[in-house]
Amino acid sequence: MSKTLIRGARVLGGEPQDVLIDGSTIAAVGAGLDAEGVDTVVEAEGKVLLPGLVDLHTHLREPGREDSETVLTGTRAAAKGGYTQVYAMANTFPVADTAGVVEQVYRLGQEHGYCDVQPIGAVTVGLEGEKLAELGAMHESAAGVTVFSDDGKCVHDAVIMRRALEYVKAFGGVVAQHAQEPRLTEGAQMNEGVVSAELGLGGWPAVAEESIIARDVLLAEHVGSRVHICHLSTAGSVEIVRWAKSRGIDVTAEVTPHHLLLTDEMVRSYNPVYKVNPPLRTERDVMALREALADGTIDIVATDHAPHPHEDKDCEWAAAAMGMVGLETALSVVQETMVETGLLDWAGVADRMSAAPARIGRAQGHGRPVAVGEPANLTLVDTAYRGGVDPAGFASRSRNTPYEGRELPGRVTHTWLRGTATYSDGKLA
C-alpha cells in the first residue's frame with residue numbers, strides 16, 4: 001500500500017491544498033500535510049485537481065473491430081484524457097446484446113486496468129430495432145449492465161422503445177437513445193441548412209433528432225421510467241428537454257465536446273474528419289448547447305469517442321465513416337468552450353464530466369468528492385498549458401481527430417485509479 005502526496009493542487013479550482021492518497025483512498029485533505037512516510041510527492045502548484053472523469057459514451061470497438069480500437073488502447077486513451085471510468089457502447093461485432101458479450105468486454109477492462117470499463121447493452125437484438133435484447137440477463141451478469149443503447153442506430157419503433165423503458169424500470173436501468181428518425185435522414189451527409197444547400201450534400205434535418213426526443217420523453221413520462229438522450233445537437237432539442245424537465249419527466253441528456261466547438265462551416269473543406277453523426281450543426285446550435293450545459297438542461301459531457309482506421313477517413317466525403325476520436329481532447333475542449341468563456345467553473349466541470357455521468361450510469365466509486373475516505377480516482381490538470389494537438393502522440397489506435405494542429409488549452413498531467421497512477425507526467429503506467 002503506497003502513499004502519494006499531491007502538494008498544492010487547486011481542488012475543483014479552489015484554494016491550494018494538499019491531498020494525501022493512502023493505498024486506494026484519500027486519507028487527508030488540507031494545507032501543509034506532512035510528507036513523512038510518503039512514497040511519491042507530486043508538485044501540483046497552480047494545477048487543478050478533479051475527481052476522475054467518467055464518460056457515458058465511448059466506442060471501444062472490441063470485439064470485432066480491433067483495427068479501429070481495442071479495450072486496451074481505448075482505456076489508455078481514457079487515462080491520458082483524465083478518465084477513470086468509461087461506458088463502452090454496444091455496436092461491436094458481435095453486438096453486445098447478450099450476457100456473454102458484455103461480460104467479455106467487462107473482463108477485458110478489468111484485465112488491462114487503465115480505467116474501469118462498464119459495458120452498455122444493446123436495446124434490441126443485433127441493433128436491428130425489431131426484438132428486445134436480453135436486458136435482464138445483461139443486468140444480472142457479472143457486468144451488471146444498467147445502461148442500454150442501440151447507439152449508431154435509433155430505436156425507431158415506438159412500441160419497442162416503450163417496452164424497453166418498461167423493462168429497465170424494474171431494476172433502475174436507463175435507455176440511452178440515439179435520436180435519429182431514419183426516414184428523415186436517408187442519404188444524409190451533413191446538417192441540413194445553408195451550407196448543405198451550397199455544397200449539394202444530403203441534409204440531416206434538426207427535426208429528425210427533435211421528433212424522436214419529443215416522442216421518447218413522452219413515453220418515459222407515460223411509463224414512469226428513465227430515458228437518456230445521446231449526443232444532443234440542436235437548439236430545438238434543448239428546448240424539448242428543458243420542457244420535459246419542467247414537467248418532472250425523468251430525462252437526462254449529453255453533449256459532445258465537438259458539438260460545443262465546431263460548426264457545419266467546417267464541412268466546406270470536404271475533410272471527412274468533420275463527418276460525424278449527429279452532424280456538426282450551426283453556430284446558433286453551438287451557443288444553445290453551451291448555455292444548456294451551463295444551466296443544467298444538458299446534464300453531462302460525453303465524448304462519443306468513435307475511432308476509425310485511416311482508410312475509413314482518408315477517402316472522399318460520401319464514402320467516409322462517421323465519427324471522431326475524443327477521449328484525449330475532451331477536457332481541453334470543455335476548458336476552451338465552457339471555462340474560459342465563464343459559463344462553468346471547475347466545480348461545474350467536475351459535475352458535468354464526473355459526478356453527473358456516474359450518477360446517470362449508477363457507477364460505483366466514481367464521480368465522488370475529493371474528500372477524506374473517498375476512492376482516490378483523481379485527475380490533475382495543467383490548465384495554464386497551451387499547445388497544438390498532435391494525433392501522432394495519441395494512445396488511441398485511431399487518429400481521426402478534428403483538432404489536428406489546433407491549439408487547445410489545458411492538459412492532463414496525472415490520472416489515478418484507486419490510488420494507482422495510470423498516467424503520470426506524460427507517461428502511461
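None of these values were measured; they are calculated from a predicted model.
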Checklist line | Residue among T329, T401, V273 satisfying side chain to side chain contact (heavy atoms under 4.5 Å, CB included) with P391 | finding: T401
Notebook entry, point to check: Would H308 and S398 count as having a side-chain donor-acceptor pair, cut-off 3.5 Å?
Noted result: no
Check: Is there a donor-acceptor pair under 3.5 Å between the side chain of E210 and the backbone N or O of A208?
Finding: no
Notebook entry, point to check: Looking only at side chains, do T70 and T73 share a donor and an acceptor under 3.5 Å apart?
Noted result: yes
Notebook entry, point to check: Roughly how far apart are L132 CG and E134 CD, rounded to 0.5 Å?
Noted result: 11.0 Å
Notebook entry, point to check: Between S141 (side chain) and A99 (backbone), is there a donor-acceptor pair under 3.5 Å?
Noted result: no
Next item on the list: Could you give me the CA-CA distance, side-chain angles and deciding distance for R399 and H310, then say whether side-chain contact (heavy atoms from CB on, under 4.5 Å) is met?
Entry: CA-CA 7 Å; R399 302 287 182 265; H310 177 72; over 6 Å; no
Next item on the list: Taking H414 for its side chain and G426 for its backbone only, find out whether a donor-acceptor pair lies under 3.5 Å.
Entry: no
Notebook entry, point to check: How many angstroms lie between atom OG1 of T297 and atom CD of E239, to the nearest 0.5 angstrom?
Noted result: 8.0 Å
Checklist line | Nearest-0.5 Å distance that lies between atom CD1 in I249 and atom CG in L218 | finding: 6.0 Å
Item checked: Heavy-atom pair with the smallest gap, counting every atom of G81 and L53 -> O-CD1, 3.6 Å
Next item on the list: Among T415, I21, T84, find the one that has a side chain to side chain contact (heavy atoms under 4.5 Å, CB included) with L378.
Entry: I21
Margin query: Please check if the number of heavy atoms outside R163 that lie under 6.0 Å from its CZ is greater than 12.
Written below: no
Next item on the list: Indicate yes or no for a side-chain donor-acceptor contact from T58 to the backbone of A88 under 3.5 Å, with no hydrogens or angles considered.
Entry: no
Notebook entry, point to check: In Å, rounded to the nearest 0.5 Å, how long is the span from CZ of R362 to CD of Q118?
Noted result: 12.5 Å
Notebook entry, point to check: Are any of the side-chain heavy atoms of L293 and V301 separated by less than 4.5 Å?
Noted result: yes
Item checked: Derivation of the side-chain contact (heavy atoms from CB on, under 4.5 Å) call for H112 and L108 -> CA-CA 6 Å; H112 298 312; L108 283 168; 4.1 Å; yes
Notebook entry, point to check: Which heavy-atom pair separates L127 from N91 by the least distance, and what is that distance?
Noted result: CD1-CB, 3.5 Å
Item checked: Candidate pair N277 and H178, rule side-chain contact (heavy atoms from CB on, under 4.5 Å), full reasoning -> CA-CA 9 Å; N277 185 349; H178 174 115; 3.6 Å; yes
Margin query: Checking side-chain polar atoms at under 3.5 Å, does T124 have a donor or acceptor matched by the opposite partner on D150?
Written below: yes
Check: Quick one: which of E328, R61, E69 gives a side-chain hydrogen bond (donor to acceptor under 3.5 Å, both in side chains) with H305?
Finding: E69
Check: For the side chain of R215 and the backbone of H156, is there at least one donor-acceptor N/O pair under 3.5 Å apart?
Finding: yes
Margin query: Could you tell me if Q180 and T185 have a donor-acceptor pair between their side chains, going purely by distance under 3.5 Å?
Written below: yes
Note to self: Quick check: do M161 and V227 have side-chain heavy atoms less than 4.5 Å from each other?
What the structure shows: yes
Notebook entry, point to check: So, do R268 and V195 sit near enough that their side-chain heavy atoms are less than 4.5 Å apart?
Noted result: yes
Notebook entry, point to check: Are H258 and Y403 close enough that some pair of their side-chain heavy atoms sits under 4.5 Å apart?
Noted result: yes
Checklist line | Any donor-acceptor N/O pair, Q177 side chain to V155 backbone, under 3.5 Å | finding: yes
Check: Does the side chain of V349 come within less than 4.5 Å of L331's, by heavy atoms?
Finding: yes
Item checked: V168 side chain near S225 side chain, heavy-atom distance below 4.5 Å -> yes
Next item on the list: Verify whether one side chain among T234 and R281 offers a donor that lies under 3.5 Å from an acceptor in the other.
Entry: no
Next item on the list: Could you tell me whether E407 atom CD has more than 12 heavy atoms of other residues or ligands within 6.0 Å of it?
Entry: yes
Next item on the list: Given side-chain contact (heavy atoms from CB on, under 4.5 Å), test E316 with Y270 step by step and report yes or no.
Entry: CA-CA 8 Å; E316 64 272 23; Y270 286 103; over 6 Å; no
Check: Under 3.5 Å, side chain of D55 to main-chain N/O of V86, donor-acceptor pair present?
Finding: no
Next item on the list: Take K153 and D151 through the test salt bridge (Lys or Arg N to Asp or Glu O under 4.0 Å) and record every step on the way to the result.
Entry: CA-CA 5 Å; K153 295 184 178 181; D151 183 63; over 6 Å; no
Notebook entry, point to check: Centres of the H59 and H57 rings: under 6.0 Å?
Noted result: yes
Notebook entry, point to check: For Q335 and T383, which heavy atoms make the closest approach, and how far apart are they?
Noted result: NE2-O, 2.9 Å
Notebook entry, point to check: What are the two closest non-hydrogen atoms of G82 and T379, and how far apart are they?
Noted result: O-OG1, 2.6 Å
Check: Given side chains that start at C-beta, do those of T146 and H139 come closer than 4.5 Å, heavy atoms only?
Finding: yes
Checklist line | Least distance between heavy atoms, V95 atom then A122 atom | finding: CG1-CB, 3.8 Å
Note to self: Once rounded to the nearest 0.5 Å, what's the spacing between atom CG of N191 and atom CE of M266?
What the structure shows: 13.5 Å
Check: When rounded to the nearest 0.5 angstrom, what distance separates CD1 in I300 from CG in L232?
Finding: 11.0 Å
Next item on the list: Kindly check if the number of other-residue, nucleotide or ligand heavy atoms within 6.0 Å of CZ (R284) is above 12?
Entry: no
Margin query: Less than 4.0 angstrom from a charged side-chain N to a carboxylate O is my criterion; do E166 and K169 meet it?
Written below: no
Checklist line | Residue pair S396 / P307: nearest heavy atoms and the distance that separates them | finding: OG-CB, 4.3 Å
Notebook entry, point to check: Using 30° and 60° as the class limits, which term best fits the ring planes of F171 and Y167: parallel, tilted or perpendicular?
Noted result: perpendicular
Next item on the list: May I ask you to say whether E404 pairs ionically with K313, meaning some side-chain N is under 4.0 Å from a carboxylate O?
Entry: no
Next item on the list: With the side chain counted from C-beta on, respond yes when R406 and L261 share a heavy-atom pair under 4.5 Å apart, and no when they do not.
Entry: yes
Item checked: A429 backbone acceptor or donor facing Y114 side chain under 3.5 Å -> yes
Next item on the list: Verify, without hydrogens or angle tests, whether N377 (side chain) and R418 (backbone) share a donor-acceptor contact under 3.5 angstrom.
Entry: yes
Next item on the list: Kindly indicate, with the supporting measurements, whether the criterion salt bridge (Lys or Arg N to Asp or Glu O under 4.0 Å) is fulfilled by K245 and D299.
Entry: CA-CA 11 Å; K245 288 189 172 187; D299 301 82; 2.8 Å; yes
Next item on the list: Check whether any side-chain N or O of S237 sits under 3.5 Å from a backbone N or O of S233 as a donor-acceptor pair, and report yes or no.
Entry: no
